[in-house]
Structure formats: C-alpha cells, structure tokens
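Everything on this sheet refers to the single structure shown next.
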Amino acid sequence: MTDNHERNAMDGIDDKVDARLEARLRSHFEGVADGMSPEGAGVDAAMTVGTRMGRRRRALSSVAAVALVVVGIGAAFFVRSALAGDPADIVALEPTGGSSAVGGAVPVQGVAAADLDWYAVDGTLGYTTSLFSASDGTLYALSTAPGVTWANAGPTLPKAIYHSEDGETWEVALLDGNEWVTKIAERGGTLYALGTAPGVAGFDAPPEYLIGTSTDAGASWETSALPTEAAPPPDMGPVNFVEVSSHLAAGPKGVLALATTRFHIDLFSLLPPELQRGNLDVQSTPDGIRAIDYSIYEQLDMQCYAEMDEAGLEYTGDNLDEMPESCRQLFTDDVPDSVVFSATWEELGFDGASLRFSELFVATDGTNFEPVPSPFGEDEQVNRVFAHDLGFVATSWGMPQLTVRISPDGRTWETAENLPALSDVLAAGTYGGSLALVGTSFEGLPVVVWSDGSGGWEQSDLSGVVAGANGWVTAAGIGEQGVVFAYQTWDELSQRSTIEVVRGVAPDNWELVPVSDIVGGGDGYVEWMVVGRDVVAARVVVSNNFGPPTAAQLVGAVEK
Amino acid sequence: MHVETTLQDQAMTDESHPVTVTTARPDFTAFYREVYPKVAKALAVTLRDVELADEAADEAMARCYSRWSTVQRYDNAAGWVYRVGLNWALSKRRRTMREPKFRPMGAPDAPDVADPAIHEALGELDMDLRAVVVCRYMFDWSVQETADALGIRPGTVKSRSHRALEKLQSRLEHMR
C-alpha cells in the first residue's frame with residue numbers, strides 16, 4: 001500500500017475497483033436483508049424487560065439518594081410493640097398482622113366494616129383520574145368515555161363522568177361541551193370540577209382555570225373562573241408553551257383547588273452562541289438553566305455496556321459496587337462531564353420566579369374560592385391532594401423523598417414528621433376516626449400508617465400479610481369498608497408479576513383477597529381502587545404473557 | 001397554547017413527575033418497528049449467527065427502552081442499539097464458546113445469501129472489520145455515524161474500511 005493510496009482511501013476517494021466492490025457489497029446486503037424477516041420477541045417484550053431494568057435502576061438510585069435520610073430516620077423511627085387500642089367495635093376478621101407505633105397507639109372506633117363478598121364483572125370504566133365515594137355513598141369516577149380505546153384516543157382521551165351505587169353498574173354523563181373538566185370532587189351533594197378553559201389563543205395569554213359545580217351528577221355545569229394571577233413572564237423572550245396542572249379535593253372542611261402554571265421559554269436561545277449546536281439538551285433547574293451534552297452520555301453508555309459485557313456482569317439493581325465506574329455514573333445519573341453549561345436566572349438577567357406559579361384556593365363554604373398562601377415551592381411537583389373528614393393531605397416530590405403535608409382547613413399546612421421514608425402515597429383518608437395513609441416504602445414494601453392527630457404515627461406491621469417484596473402499591477382506597485390496597489411484585493424466576501389485594505379493618509387486622517382466583521390470573525396490576533360505604537371496587541389489568549391485556553372489575557360487596 | 005397534563009400523558013408517566021414537553025421525539029414503538037429489523041439483520045451478517053443476532057437485538061432493544069429518555073436523544077440511536085447488541089453477543093459468545101451458526105443456503109429458514117462469494121469473503125474478515133463494512137454498506141451510515149455507533153474514531157473507521165475492502169478485494173480475486 002502506498003502513501004498515496006492510503007491518503008486517497010482515508011479521504012474517501014477510493015479507486016474504481018473499490019467502487020465496484022462497494023456496489024457489490026450493497027447489492028449483497030440488500031439481497032440478504034430482503035431474505036430475512038427477524039421477528040424477535042416483539043416490542044411489548046422489549047418494553048416489559050426494559051421497564052424491569054429501568055425499575056431496578058430507579059429503585060437503586062432512590063435508595064442511594066435517601067440512604068442518609070433513612071439512616072437518620074431509622075434512629076428515630078424505632079419499632080414498638082403491638083397496638084394497644086381496642087378494636088372491639090370492628091367486625092372481627094382473623095388478625096394476620098400487627099402494628100408498631102411512635103407517639104402512641106391510634107384508636108379505631110365506631111366503624112361498620114363488614115364481611116365482603118368478592119367477585120369480578122366486566123369493567124365499565126377505563127383509564128380513570130378522579131375516583132371517590134361521595135358523601136351519600138355513591139361512587140363517582142372521571143374516566144375515559146364509552147368506546148374510547150388507546151388506539152382511537154388521539155392526543156387526549158375523551159372523558160365522561162360515571163356514578164354507581166353498587167360498584168358494578170355505572171351510569172354515564174358525557175362531557176359534551178365541557179371537555180375542559182380534568183378533575184372532579186364532591187361535597188354535600190354537589191360535584192365540583194376543575195380544568196382549564198379551551199380556546200385561549202396564543203402563547204402569551206395566561207391560562208384560565210375554571211371551577212364548575214353540578215347538582216345533576218355531571219350532566220350540566222355552572223362555571224366560574226378561578227382568580228389566578230399567573231401571567232407570561234416579561235422580557236424573557238417568546239413563550240414556547242404553557243404547561244398547566246391542577247388538583248382538586250373536596251370534603252367536610254371545604255373545597256381545595258390547586259393551579260400550577262409553568263411558562264416554558266426557548267431555553268436554547270439563552271445559551272452562549274458557541275454552544276447553540278445539536279445534541280445539547282437545555283433544562284431548567286431550580287435556580288436557572290443547564291445544558292447537557294448527551295453525546296457524553298452516549299459514549300459512557302457504550303463504555304458501560306461494553307465493559308459490563310466484557311466482564312460478564314449483569315446489573316441486578318443491588319450490585320452497583322461491582323459495576324464499572326462508567327456504569328455507576330450512568331445508572332445514578334451522575335455524569336458531571338455532561339453538564340457543559342449552567343447559569344442562574346440572575347446571571348442570565350431574568351427573574352426565574354416569573355416562569356412558575358403555584359396558586360392555591362380554598363372555598364370553606366364550597367362557594368367562594370379564596371386565594372391562600374401555597375405551601376408548595378415553585379419547583380415542587382405536587383403529586384396528589386386528598387380531602388378527608390379531618391382536613392386535607394397533600395403529597396409532593398422533592399429530593400430526596402416524598403413530602404407529606406397535612407392541613408385542618410386547607411389554609412395552614414404543616415409537614416408530617418416521623419413518617420417512614422415513602423416513595424409514594426396512594427390513598428389518605430379517615431377510618432374509625434383516625435387518619436390513615438397508604439403508600440410504598442423505598443424498600444418496595446407496602447406501608448400503612450395511622451394518626452390520631454396528636455403528631456405521632458403508628459405503622460401497621462404487614463410483614464406477615466403480604467408475601468412478596470420489592471414491589472409497589474399500585475392502587476389503594478380508604479372508606480367505610482376499611483383500608484384496601486393492591487400490591488404488585490415481580491418474580492424473577494417466573495418472569496411474572498403477582499398481585500396481592502389486602503383489606504384492613506384495623507391497624508392490626510388484615511385479610512388477603514384471593515384476587516387471582518376471582519379474576520382468573522394474577523399476572524398484572526390493579527389500576528385503580530375505591531372504597532365506599534358498602535362496596536370496594538377495583539380495576540384489575542391482567543397481562544396475558546405479552547398478549548393484549550384484559551381488564552376485569554373486582555367488586556367486594558357487603559354480604560347480604 | 002396550553003399543554004394540559006392529559007389523561008394519556010398521566011397514564012404513560014409517573015404522576016409524580018408531570019409531563020414536560022421539550023421537543024418532538026420518536027416514540028419507542030415506532031422506533032422499534034423501524035430499527036429492530038435493520039439491527040437484527042445487520043447483527044446477523046456481522047455475527048454470522050441468526051439466532052444469536054435475534055437474541056442480541058432483543059437484549060439491546062430492552063436496554064434501549066430502559067434508557068429511552070436518554071437514548072432517544074442520541075444522534076444515531078440505531079447505532080447505539082447495534083453496538084449494544086454486538087457487544088452483548090460477543091460477550092455471550094466468549095462466555096459460552098458458542099460457534100457461529102449462520103444457516104447454510106438452502107436451509108428452510110436460512111436467509112438468502114445473495115452473493116455467495118461476498119458472503120464467504122466477509123466471513124474471513126475479523127469482526128472489527130466486518131462491523132465497519134456492515135455499518136458503512138448495509139446501514140449506509142457515514143464515517144461519522146459509523147464511528148459514533150461503534151465507539152471508535154472516524155479515522156479508525158476509514159482505515160478499517162479501507163483494510164476491509166482491500167482484504168475483500170484480494171479474497172475475491174483469488175476466488176475467480
């Protein structure tokens with residue numbers, strides 16, 4: 001090979017022989033490709049396995065992030081022996097668990113939980129956002145409209161309001177002309193709705209939040225505007241889009257509406273000119289912006305998997321110490337070299353606070369919505385808001401863990417102390433005069449805690465109740481028929497998930513619902529759950545080994 | 001325009017992390033449908049083992065989905081999948097001492113070998129060279145795209161490409 005030949009080849013100027021060979025190669029590859037039809041395991045399998053890989057990674061990241069916190073809490077949140085309260089007023093189910101407490105035992109009295117007759121029916125409701133038992137015992141749901149499937153849904157799913165007396169038969173009220181409704185709640189026989197008004201033109205217009213009331217189960221609505229003050233930021237360039245989210249909760253202590261507005265500007269244009277190139281992702285931070293160079297992630301990705309494969313290592317979620325450094329950075333999302341630019345709003349000459357609004361309103365009488373100081377930080381992501389007989393509960397994400405706030409009236413809030421570290425809270429409500437929270441611990445175990453309002457929390461011991469571990473509570477409900485939750489775990493050996501539905505009628509009195517026997521298969525998850533006066537209803541989605549999932553509605557009705 | 005956190009958005013995401021729209025990116029299902037067959041075929045040619053290639057493509061796609069929020073931002077996400085699949089397959093082959101099992105022509109489910117001489121000549125290339133040839137002439141990727149996909153420098157792509165073509169040419173000369 002001559003120097004000249006080498007240079008020509010390096011410049012891509014190959015000689016005629018190479019050109020003919022290239023053409024022959026392309027022709028050969030086309031022929032080979034046409035003759036093959038790889039099927040593989042399919043996209044569903046890829047997503048299922050990939051989700052499991054991602055969960056392992058997220059679980060590990062979460063555990064790593066809160067390790068210090070857990071150690072700190074562990075010192076204070078010690079285990080005490082069983083509940084001292086007298087559950088004499090509770091219909092006796094066979095006790096299968098215990099409880100532990102900090103700050104005193106919590107009494108659970110005056111409840112009318114009964115034995116339930118469990119069965120499955122074809123589901124009426126689809127994907128559901130708002131779901132609750134109203135003050136008269138009627139179940140209400142804001143769910144996908146009849147006939148709507150993922151395939152024909154389009155960018156947003158048409159919704160409808162459903163109500164049911166028995167959890168089995170649902171009547172529907174279509175939302176024709178009221179598609180703005182995104183959340184519903186009930187108080188004293190009146191349905192409340194919250195959403196944003198459609199048809200506001202342009203990016204620079206503030207969103208209009210609407211409050212609606214209905215006294216005919218959602219068939220018709222009277223609306224008024226929430227007095228929000230969110231407005232496009234001045235002097236920060238054009239707004240790309242406005243992101244809005246809302247929460248609504250109603251109970252004996254009033255109606256609470258939370259409107260969160262984010263104005264998104266063109267962050268890319270704020271970068272220095274030399275950085276305005278491709279493969280950079282510009283993100284907002286609590287203080288300003290930062291630019292991430294994903295090509296560095298890409299290189300690290302390559303390196304990680306090559307090193308992992310070379311060493312014959314498999315990432316199991318709890319063996320990060322064995323992983324190469326490249327993988328440790330990747331899996332903990334700690335890739336310092338990827339941040340190629342960061343600046344505070346002040347350094348950029350802007351007021352970052354003008355981009356984000358968290359506005360809270362309370363109607364103690366159910367009619368007049370007054371703005372009250374929001375306890376949520378501008379960058380806090382409010383997860384869920386619950387109303388119950390004693391007030392309100394709100395959960396929000398902030399590093400390193402979930403924050404739970406409680407309020408007697410929606411106006412004054414305090415952070416719940418002495419709780420175990422939770423990754424999520426699925427239900428909050430009163431049962432037997434005590435406030436109960438149902439969620440998942442960072443260790444992947446179900447958690448039910450109880451409070452009598454004195455500041456302490458008692459945790460039910462569920463170790464002898466659920467068999468699985470390293471799972472998630474996917475749905476929960478609290479009502480007259482007890483505290484009920486669904487716990488999903490993944491079995492590596494069988495590559496299947498297991499659903500456990502558990503009902504408690506006292507902090508130390510739990511029973512397992514044989515959900516697998518009832519719905520004909522346990523590989524799936526429970527999507528939603530509601531506990532009413534005389535009934536428990538839940539939607540069980542069964543996976544069917546990567547085939548099209550099927551859904552059944554699980555009903556637990558008071559035995560008559 | 002107001003971007004509401006919709007029912008569908010909420011179904012697809014953790015409710016605790018509300019949807020933030022930045023730029024339009026392909027959804028995974030569409031990406032899978034487009035890329036999986038190409039990667040599986042390319043891996044089959046590179047590895048000369050159809051079954052191992054299918055397994056490797058499955059594994060790479062699952063890893064891709066587990067990191068989809070990041071991988072979808074890559075300039076050549078298909079290249080990432082190809083490389084991850086190739087690494088995984090080579091690792092598995094080393095661990096299991098598995099021999100390539102490219103099914104012979106005429107087998108009921110064998111891929112059609114369009115040019116037997118080319119097929120045979122490719123089989124005599126080192127894996128590194130064959131991977132470059134596949135990227136350049138089966139995927140039709142540029143030098144830079146090939147370099148990104150294989151995690152090597154563009155200059156290395158060019159030199160490997162040249163060496164591969166030279167060897168192929170030489171081999172084909174002998175086969176005349």
4.5 Å side-chain heavy-atom contact, A:D301 and B:V84: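 SC-SC contact between A:D301 and B:V84 ruled out.
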Compare all side-chain heavy atoms of B:F139 with those of A:F29 and state whether any distance is below 4.5 angstrom.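 A side-chain contact is absent here, since even the closest heavy-atom pair is not under 4.5 Å.
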How long is the straight-line distance from [atom2] of [Y] back to [atom1] of [X], given to the nearest 0.5 Å?
X	Y	atom1	atom2	value
A:L21	B:Y137	CG	OH	7.5 Å
A:Q303	B:N87	CD	CG	11.5 Å
B:W68	A:M47	CH2	CE	10.0 Å
B:E59	A:D309	CD	CG	7.5 Å
A:E30	B:D140	CD	CG	8.5 Å

Part of [X] within contact of chain A (heavy atom distance under 4.5 Å):
X	result
B:A60	neither
B:V133	both
B:L86	neither
B:R33	neither

List the steps and the verdict of side-chain contact (heavy atoms from CB on, under 4.5 Å) for A:Y305 and B:R67. CA-CA 12 Å; A:Y305 283 114; B:R67 301 191 49 73; 3.6 Å; yes
Should the heavy atoms of other residues, nucleotides or ligands under 6.0 Å from CZ of A:R26 be counted, would the total exceed 12? yes
Passes side-chain contact (heavy atoms from CB on, under 4.5 Å), A:V32 versus B:K41? Steps please. CA-CA 8 Å; A:V32 169; B:K41 291 173 184 178; 6.0 Å; no
Heavy-atom pair of closest approach, residues [X] and [Y]:
X	Y	answer
A:M302	B:G79	CE-O, 4.3 Å
A:R24	B:A117	NH2-CB, 3.5 Å
A:A41	B:Y36	N-OH, 4.5 Å

Given B:F31 and A:V43, is the side-chain contact (heavy atoms from CB on, under 4.5 Å) satisfied, shown in steps? CA-CA 10 Å; B:F31 174 80; A:V43 65; over 6 Å; no
Looking at B:V143, B:V71, B:D148, B:L122, which has the largest count of heavy-atom pairs under 4.5 Å with chain A? B:L122
